[in-house]
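Have a look at the structure below before the remarks.
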Amino acid sequence: MDKYDKIVELGRRRGFFWPSSEIYGGVAGFLDFGPMGAMLKRNIERRWREVFIHRHHGLVYEIETPVIMPAKVFEASGHVENFTDVIVECMQCHKRFRADHLILEQIGDVQGIEGMTTEELDALILERGVRCSECQGQLSKISKFNLLFRTNIGPYSENVAYLRPEAAQGMFVNFKGIFNSMRERLPMGLAQIGKVARNEISPRQGPIRLREFTIMEVEFFFDPRSPECTIIDDVADVKLRLLTEEMVKSKALEPVQVSVSEALKEGYIKTEWLAYFMALSTKFISELGAPVESQMFIGKPPEERAHYSAQTFDQLVKLERWGWVEVSGHAYRTDYDLSRHMQYSGQDMSVFRKFDAPRKVKVFAAKPKVDAISADHGKNTGKVLSVIKGADVSMLRSKLSSGPVEIEGVLIKPEYVEFYEKEEAQTGERFIPHVAEPSFGADRLTYLALECAYSEREDRVVLRLPPSIAPVSVSVFPLVNRDGIREKAYCIYRDLKDAGLIAEFDDSGSIGRRYARADEIGCPLAITVDYESLQNDTVTIRHRDTWEQQRVPIGELKGFLKGFFSMR
RNA sequence: GCGGCCGUGGUCUAGUCCGGUCUAGGAUAGAAGCUUCCCAAGCUUCGGAUCCCGGGUUCAAAUCCCGGCGGCCGCACCA
């Protein structure tokens, strides 16, 4: 029985997590979190929120957008195209191919192949005799890999929508509006914690690979001309363990350990903001209990990167059963997403960059020749004039150079317009921001925290969760249930709850049993009220990790706890 | 998706090969009470399993057969 099995067992026994829809046989890739698990996960989310968002207020803002978005969004993002693979396998040599690619390759362009169902493609393969391009073997039926969950909005089946596979698109589509309302400042990060869904082909590994999970993402927008991270000094000395793309290529297994500033100087990481977030992530993952030695970042080669990424580092953590597992991804998405949304929606996603000093630029201007126009158009002259004024000058100029052109139903002749060069002062230019994206899976982190915290002592399970994320902060026990001790303990318990702590009260079984119960859910402190408490108003505080006890006056309890939890 | 192994109270497990003695045993966890009073002590009592689901064979199925679902391992997949 390895750690994974033990955690799965503990997870069920103590109400952390278990497979979803279990009474109907369960369904792979979905997980339910119980009372303890939900609290643990929320605490991890809360810590992430503090580290990545609140500590950067003024720079990073949290937003919330729907899980369901119209098909158009994911057409623009490239997910519809890149998330849907129709795959055939050669029955002879067992090589796999993208079915559509193979068809196009062998029989040329096929009308409407994009929208074809697998049955139609199967039929096409059969009719046209498409074969394995390697060995000419016969092909299997198509299997379809579409990781997007599809649904409809409203009663119309043609109104297709998808469940988001990442929270990012909600931030991209909102970028411009928020940029405006947040006073048009770059850099600016948008963050989101929320559910995403990916219809994985065959998810295994329990909480590690899910079809629906919580993602925690920042889309950090910056001007590619000023890509400097203004707060890089805060993390310049943080050590990163890196396995760069080149090292992966040369089959290196041991990561190099370099400081953030070295990693940037050596060009391992392409942009400072990405490096900044990688440093934050290292600290964050350490705080959850994973030692730095069992973390590393691995550079993804182009063929393994997402379609939108110019550089990706996966942050890996070593788990006992699953080996190196990705807990966060750090992608340099450049201007891919905003450009695509600009193209697909027709909305301007660009941002104005002011020059240090206005520049003089030579531009062409169009001057309509009213005489010539009115000679041809008479009363319609006004219409023609407005068409000319509305047209893009350089476009109009190049078109007219090869003869008359029709715009908005009006025939424009070259002699209608005179072009002349003029000097114009430009105060700036428009550009599309670039994006650095750190992205975390909260469910994996929850499992990670459990695995890191899991320990055994004298045949008992002790979850040594960091106090900052422990589901229950403090337990209160009466040593015995008589002589007013129980009442006193209960009073303290209620006081602590009033003070905003997650506290539990337990008066059943022996004191040792109660300590053991508290240890199993990772409660860091237990307060015991005993006979001495009746005499001098002190209690014992028992520490989960050392089992040591100390006496603290009841009056100082809240202060003690406040200090204890704030320093972790 | 392919192949192998597997699925019994909340948890772990005995029983499955060789059908009946299993109205399913044990341990642990849980609840109530007594007792003890600082690390899962003890005693009493209680609740909790249509033996993963569906079908079949049989006088009789936890046990044999088929299908499904789920889990683990290997291969494939993993924007």
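No experiment lies behind these values; they were computed from the predicted model shown. Chain A is the first sequence line, chain B the second, and so forth, proteins listed ahead of strands; every chain is numbered from 1.
As a whole-Å value, the separation of R482(A) CZ from rC37(B) P is 7 Å. Rounded to an integer number of Å, the gap from CZ of R211(A) to C1' of rC78(B) is 12 Å. Here the C1' atom of nucleotide rC72(B) and the NZ atom of K3(A) are 20 Å apart, to the nearest Å.
At a threshold of 4.0 angstrom between heavy atoms, the contacts of E548(A) with the nucleic acid are absent. When heavy atoms are screened at a 4.0 angstrom cut-off, E22(A) is found touching no nucleic acid atom at all. Residue contacts for R517(A): at a heavy-atom cut-off of 4.0 Å it reaches the sugar-phosphate backbone alone, with no base atom in range. Nucleic acid contact class of D459(A) (heavy atoms, under 4.0 Å, all strands): none. Residue contacts for F30(A): at a heavy-atom cut-off of 4.0 Å it reaches no nucleic acid atom on any strand shown.
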Under-3.5 Å N/O pairs linking protein and nucleotides 41-50 of chain B:
residue, atom, partner, partner atom, Å
rA41(B), OP2, S510(A), OG, 2.7

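Between the R211(A) side chain and the A28(A) main chain, a donor and an acceptor come within less than 3.5 Å of each other.
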Exercise. For every nucleotide of nucleotides 5-10 of chain B, 5' to 3': is a protein heavy atom under 4.0 Å from its base (B), only from its sugar-phosphate (S), or from neither (-)?
Worked result: -----B
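Comparing rG9(B) with rA27(B), their C1' atoms are spaced 12 Å from each other, to the whole Å.
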